[in-house]
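Below, read A as the first sequence line, B as the second, and so on, with proteins coming before strands; counting in each chain starts at 1.
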2 protein chains.
Amino acid sequence: MARTNPDFMTGVPELLILRLLTEREMYGYELVQAIETATGEAIKVGEGVVYPILHALEKQGCLSARRKPVNGRTRVYYTATAAGKKRLGVLITEWQRITDAVSNLVAGSVHGHA
Amino acid sequence: MARTNPDFMTGVPELLILRLLTEREMYGYELVQAIETATGEAIKVGEGVVYPILHALEKQGCLSARRKPVNGRTRVYYTATAAGKKRLGVLITEWQRITDAVSNLVAGSVHGHA
DNA sequence: ATCTATACCTCGTATTTAGAGGTATTATGC
DNA sequence: GCATAATACCTCTAAATACGAGGTATAGAT
């Protein structure tokens, strides 16, 4: 149901975070803006979404964290581990599978077979 | 649910159902299989997903229903109304916005701007 | 001195997929 | 004739998770 529009967002923040952290080290607050920027404002996620995912992925061993004091503030930098990259691969495969199927159907041919 | 991987499925069943019912009249049990077939086995949704959505969309005026007895069994056929088609349009726009953004990022250019 | 931006965090709510379970009729296999 | 599968409808509970609000604290700008 979805009041006015559904989300199509389940799993997307996790996918984007893993993707970005495969390129380079980043901290939570930075990721919030990086996602906004990298998607051309199309996708925006709040800190309430980012931090829990970061913590969960770290606990799963998909991310490694290191604290780094910068100008009196403390930043926690995250990077994707080998496990994280592997997981990203799984997520991308899954993403392709779903989006290809939906896009096909939406595009036109609703007529069974391939 | 997705104990290891997330789903990327939020809103997808609703989108697919509206899409299929824009083409032709169908009943719940039929939709369950139609989705499986039309997506080439890529996406499967159970009756526990389809029926609640059907009822919700009907209540919202997006679908019209008519009961039709067939061989002693009763089928409830649904079709997309004008409101339903309008809603489908909104969903597709949203779908494009999200998937374009994600696919872009996944594909490669993580480098800010357009 | 005040307000905004940076930087971390948690909690509660709402949404919604998935699966199990329930009823009832028809078709199929033995 | 009898059991099992397929058809066809339905509901409920559990689990996951995005979102927003709220909370702390420091640095920079007005």
May I have the distance from [X] (atom [atom1]) to [N] (atom [atom2]), rounded to whole angstrom?
X: Leu31(A); N: dC9(C); atom1: CG; atom2: C1'; answer: 15 Å
X: Glu94(B); N: dA18(D); atom1: CD; atom2: C1'; answer: 14 Å
X: Met9(A); N: dA16(D); atom1: CE; atom2: C1'; answer: 15 Å
X: Lys44(B); N: dG19(C); atom1: NZ; atom2: C1'; answer: 15 Å
X: Glu14(A); N: dA16(D); atom1: CD; atom2: P; answer: 13 Å
X: Leu16(A); N: dC19(D); atom1: CG; atom2: C1'; answer: 16 Å
X: Glu36(A); N: dC19(D); atom1: CD; atom2: C1'; answer: 15 Å
X: Asn71(B); N: dT28(C); atom1: CG; atom2: P; answer: 11 Å

Indicate for each nucleotide in nucleotides 5-10 of chain D, in 5' to 3' sequence, whether protein heavy atoms under 4.0 Å reach the base (B), only the sugar-phosphate (S), or nothing (-). --BBBB
Under 3.5 Å donor-acceptor pairs involving side-chain atoms of residues 39-54 of chain B, not counting sequence neighbours:
from     : atom 1 : to       : atom 2 : distance (Å)
Thr39(B) : OG1    : Ile35(B) : O      : 2.7
Thr39(B) : OG1    : Glu36(B) : O      : 3.4
Thr39(B) : OG1    : Ile43(B) : N      : 3.1
Thr39(B) : OG1    : Ile43(B) : O      : 3.2
Tyr51(B) : OH     : Tyr29(B) : N      : 3.4

For a 4.5 angstrom cut-off between non-hydrogen side-chain atoms, does [X] reach [Y]?
X: Leu20(A); Y: Leu105(B); value: yes
X: Glu30(B); Y: Arg75(B); value: no
X: Glu94(B); Y: Phe8(A); value: yes

Validation: residues 62-72 of chain B side-chain donor-acceptor distances under 3.5 Å, sequence neighbours left out:
from     : atom 1 : to       : atom 2 : distance (Å)
Arg66(B) : NE     : Glu25(B) : OE2    : 2.5
Arg66(B) : NH2    : Glu25(B) : OE1    : 3.0
Arg66(B) : NH2    : Glu25(B) : OE2    : 3.1

Spacing of OG1 belonging to Thr79(A) relative to CE belonging to Met26(A), to within rounding of 0.5 Å: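 Those atoms lie 11.5 Å apart.
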